[in-house]
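Note on naming: letters A, B, ... go to the chains in the order of the sequence lines (proteins, then strands), and numbering restarts at 1 for each one.
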Amino acid sequence: MPELPEVETVRCGLVPVMEGALILRAEVNRPDLRWPLPDRMAERLTGATVVTLRRRSKYILVDLSSDETLLIHLGMSGRMLISGPAVTSGKVLGQFYHDHPAPQKHDHIILIMDSGARITFNDARRFGMMDLMPTHAADQHKLLSGLGPEPLGNGLNAAYLALRFAGRATPIKSALLDQHLIAGLGNIYVCEVLHRAHIAPTRLTGSLTQTEIARLVPLIRDVLTEAIAAGGSSLRDYRQTDGELGYFQHRFRVYDREGEPCPTPRCKGTITRITQSARSSYFCPICQL
DNA sequence: AGGTCAACCTGAGCGC
DNA sequence: TGCGCTCAGGTTGACC
């Protein structure tokens, strides 16, 4: 159930197991996830060494020694499970990992590394995706080329947002979810950002003042940075238990808190849930204007 | 052109 | 226990 912080957490967890390691074997248990998997996927992965793991928006990019890049999206329910003795790049991490677990329903792709580590991609809802493309052309991939700037990079600033928000008749909630505008925010963190910014999710982007737009930028960074930090710390706990990456307990101020008191100091409001473009928005009608 | 919405899937949780 | 219903953190593409 990944937004940018969860994907980054997964990427960081995979780095010590995958970077520098060779893919001994790939098991591809079905022909498609959301879309058909790439042709001859197992053969093309076999024998390749993982050079780097990168992230763009909610995508993980695995650069291989074969000059191809494996593109991974976890969709709504995609999970990565690390198992087995994880010896890689001379670092022994084996004590953090369980033995290989029994196969589970929805284990769609399994990568067996030369270290003995095994990475299992499990995705019940199958909204995830994988693709393979030449590394030099990765940026031009159809799913990546139209993405907006990274929210934690320099490309996101008040001037950029003001330009993209001007004259549009979209609710701010929808605009912040639009990956072509900003790449990486999802439903939870948009709710959290708007609450901190005291902006109602129903406000139209064109109605936002320069002050409000300027307020959004650092709050977007704060919310994501805090979530990544929380993921990083709980990641250690998960390794000690079952090797599963990316699902951590994180306290949200408004998400999934319908009916609870607004956490804003001195605010007497109650968190309310409304539906916008078929997604739940949680906000405080008193302090978010 | 810009905005909204159904569709893709399975599973969890809840009321009856 | 079980059935039926609703909802779920994403994204595309068809439609207004």
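- The C1' atoms of B/dG3 and C/dG9 are separated by 23 Å, rounded to the nearest whole Å.
- We find that A/Arg253 and A/Glu192 are not joined by a salt bridge, their nearest charged nitrogen and carboxylate oxygen being 4.0 Å or further apart.
- Under the side-chain hydrogen bond (donor to acceptor under 3.5 Å, both in side chains) criterion, A/Lys173 pairs with A/Asn187, A/Ser281, not counting sequence neighbours.
- OP1 or OP2 of C/dG9 sits under 4.0 Å from a side-chain N or O of A/Tyr255.
- Between A/Leu204 atom CG and B/dG2 atom P there is a gap of 16 Å when expressed in whole angstrom units.
- Distance CG (A/Asp256) to P (C/dC7): 13 Å, rounded to an integer number of Å.
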Worked check of side-chain hydrogen bond (donor to acceptor under 3.5 Å, both in side chains) between A/Thr264 and A/His195: CA-CA 9 Å; A/Thr264 299; A/His195 180 259; 3.2 Å; yes
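- When the C1' atom of C/dG9 is taken as reference, atom CG of A/Asp123 falls 13 Å away, rounded to whole Å.
- Here A/Gln179 does not reach the OP1 or OP2 of C/dG10: none of its side-chain N or O atoms lies under 4.0 Å away.
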Letter per nucleotide, 5' to 3', of nucleotides 5-11 of chain B [B base touched, S only sugar-phosphate touched, - untouched; heavy atoms, 4.0 Å]: S--BBBS
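- Within a heavy-atom distance below 4.0 Å of DNA chain C, the residues of residues 137-145 of chain A found are A/Lys142, A/Leu143.
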Strand DNA chain C in bracket notation, Watson-Crick/G-U under 3.5 Å with | for pairs to another chain: .|||||||.|||||||
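- The existence of a salt bridge linking A/Arg30 and A/Asp32 is confirmed by a sub-4.0 Å separation between a basic side-chain nitrogen and an acidic carboxylate oxygen.
- The CG atom of A/Asp178 sits 13 Å away from the C1' atom of B/dA1 (whole-angstrom rounding).
- Legend: residues meeting side-chain hydrogen bond (donor to acceptor under 3.5 Å, both in side chains) with A/Arg54, ordered by chain and number and at least two apart, are A/Asp63.
- Within residues 162-172 of chain A, the residues having any heavy atom closer than 4.0 Å to DNA chain B are, in order of number, A/Arg168, A/Ala169, A/Thr170, A/Pro171.
- Remark: C1' of B/dT4 and CZ of A/Arg279 are 14 Å apart, rounded to the nearest angstrom.
- Distance from the side chain of A/Ser174 is smallest to B/dT4 among C/dA8, B/dT4, C/dG10.
- Atom CG of A/Leu185 and atom C1' of C/dG9 are 12 Å apart (whole Å).
- For the pair A/Arg79 CZ and C/dG10 P, the computed distance is 15 Å after rounding to whole Å.
- For A/His73 and C/dT11, the shortest distance from a side-chain N or O to OP1 or OP2 is below 4.0 Å.
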